[in-house]
Amino acid sequence: MAAEPTAQQLTAQHRPTLDRALEAIRTRAYWSPHPEHPKAYGENGSLDLAAGKAAFDALLGTRLDLGQPGTDDWVGGETSPYGVELGVSYPHADLDVLLPAMRAGMRAWRDAGAETRAMVCLEILKRISDRTLEFAHAVMHTSGQAFMMAFQAGGPHAQDRGLEAVAYAYAEQVRTPDTAEWTKPQGKRDPLALTKRFTPVPRGIGLVVGCNTFPTWNGYPGLFASLATGNAVLVKPHPRAVLPLALTVQVARQVLAEAGFDPNLVALAAERPGEGIAKALATRPEIRIVDYTGSTEFGDWLEANARQAQVYTEKAGVNTVVVESAGDYKGMLANLAFSLSLYSGQMCTTPQNLLIPRDGITTDQGPKSFDEVVADLAQAVDGLLDDDTRAAGLLGALVNPGVKDRLEAAGGLGEVALASRAITHPEFPDAVVRTPVIVKLDGAKPDAEAAYMSECFGPVSFAVAVDSATDAAELLRRTVREKGAMTVGAYTTSPEFEEQVREVCLEEAAQLSLNLTGGVYVNQTAAFSDFHGSGGNPAANAALTDAAFVANRFRVVEVRQEA
């Protein structure tokens, strides 16, 4: 049995990684300590492909006992979008027992200091990384992501976001020194002299309300930001995506205990079917931080009602791409086709509205009419997804029936330029797999506006004809201002129009991608370099990850005395 790690051992192991992360968020250059290919795993204690699948299979039908206090029942009921019954049961908590137990360990965690907390968090992430291939299957079979996306987004990219949050949290806590000697001259009298001690103190218990589509990628920033700043963290997963976050809690509790801290600093709040505990939890006085990803409706409710807590929300928006002209028409079409298809459009960053002048655009292949641009894009999507096996690996499965319902209803909103079709998954015949639909709308018609000014989550895109590029920029501005956007894209060869779009995005606080034609897509962001959301428009009140995301999770308390 391995010896339990000491604080000094954890520091020796993980301090270089933290230093690299601190440098990365300063320079914004590419860096990741977590390999992006499955073949990189399988050595140094990591599970390989076969072992990862076997570890996931061994979880099916079992009870995941976390050793939490206050367990009064066992709950479960997850069914994979691929048709697999997971059959895993989780502890259901009596919150009046669990929450006091979580608070009990916070004093020692606070007194450990920012560096020790960071090192423990990095050890948690290291052990999650060792089980990346097991986690990939857990993410796949709760979110409906295809395996490679579940592996990358649910594994290394999620771990990067967690590490990024730890780096920001550490940087903000050590900005103020632990102690200071303060001396004020008094002329002929003796100077005034004080010794001042500054301690980052946590707010209380943080609540992470998990989402169905990206349980780890969207869950880790808030979890690790709160934990690294001294707070206990209660994880409330989406009832259809419990397993990845339950495994995360299991790892965190093991590491905390081995490092000499109370494992109850991290706990799980699973719920009975239909119980809906998020509202009751979010408004309890013990909960002082809430992290939430999901619908605008519930995000707005949290911001209005969880008044005792600092609330961080990533909600929904209407992501827009403006096509004014194209210097690489073929590259633009390929890039957009991939962006619209990836994970069946079930990303908060997927483009929904494509604003195109009705008189057409100029390209490196000559002028293209509105209808030609839309038809060529439809053909690009068709070509990308013409092989069912390849398509299944890109699309994944529809995460819930609501997505399918919206997809089927979208065809009645306008002229269908690309019809959706069903795909039979080669491994999981019960999976619901659908290709995207593209619908043409006239931006000048009021009935069309009702469609394109509402979020339609899933593989649905609207090609909106506008009177001019200037009208496109103004519609972009109104969309972001009224509905919010996690991402904005633009294609143009005009420096003047590029500046116009850039100014709209600066004024409305929307993250902009210009003229993407290669292997980077508007719906992807890289930890340590890209900000996910801005916190400045209705789509989200926070950004992943910046100083503002971590700094208000703790306060600095000063104790001063005469020297």
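- Scanning all heavy atoms of the two residues, the minimum distance from Leu268 to Pro91 falls at CD2-CD, 4.4 Å.
- Between Glu164 and Thr545, the side chains place a donor N or O and an acceptor N or O closer than 3.5 Å (distance only, hydrogens not considered).
- Among the candidates Tyr312, Tyr168, Phe224, the single residue satisfying the ring pair (Phe, Tyr, Trp, His ring centres under 6.0 Å) test with Phe549 is Tyr312.
- Relative ring orientation between His425 and Phe428 is described as tilted, the plane-to-plane angle lying within the 30° to 60° band.
- Between His141 and Phe56, the ring planes are parallel. Angles under 30° get that label, and only those over 60° would be called perpendicular.
- Using a 4.0 Å cut-off between charged side-chain N and carboxylate O, Lys126 and Glu123 make no salt bridge.
- Other residues, nucleotides and ligands contribute more than 12 heavy atoms inside 6.0 Å of the CZ atom of Arg15.
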Going through the checks in order, is the ring-ring contact (aromatic ring centres under 6.0 Å, His included) test met by Phe151 and His37?
-> CA-CA 8 Å; Phe151 161 74; His37 197 283; 7.4 Å; no
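- The closest side-chain heavy-atom distance from Asp96 to Arg284 is below 4.5 Å.
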Kindly determine whether Tyr292 and Phe298 satisfy ring-ring contact (aromatic ring centres under 6.0 Å, His included), including the steps that lead there.
-> CA-CA 9 Å; Tyr292 167 75; Phe298 190 57; 5.2 Å; yes
Give the C-alpha distance, both sets of side-chain angles, the deciding distance and a yes or no for salt bridge (Lys or Arg N to Asp or Glu O under 4.0 Å) between Glu172 and Arg553.
-> CA-CA 10 Å; Glu172 291 306 306; Arg553 295 172 190 264; over 6 Å; no
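- The cationic group of Arg110 does not satisfy the cation-pi geometry with Phe554, failing either the under 6.0 Å distance to the six-membered ring centre or the 45° limit from the ring axis.
- The closest side-chain heavy-atom distance from Asp530 to Gln524 is not below 4.5 Å.
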Please assess Lys483 against Glu455 for the test salt bridge (Lys or Arg N to Asp or Glu O under 4.0 Å), listing each intermediate value before the final yes or no.
-> CA-CA 8 Å; Lys483 302 297 181 179; Glu455 187 202 21; over 6 Å; no
Trace of the salt bridge (Lys or Arg N to Asp or Glu O under 4.0 Å) decision for Arg103 with Asp262 | CA-CA 10 Å; Arg103 285 196 60 85; Asp262 191 333; over 6 Å; no
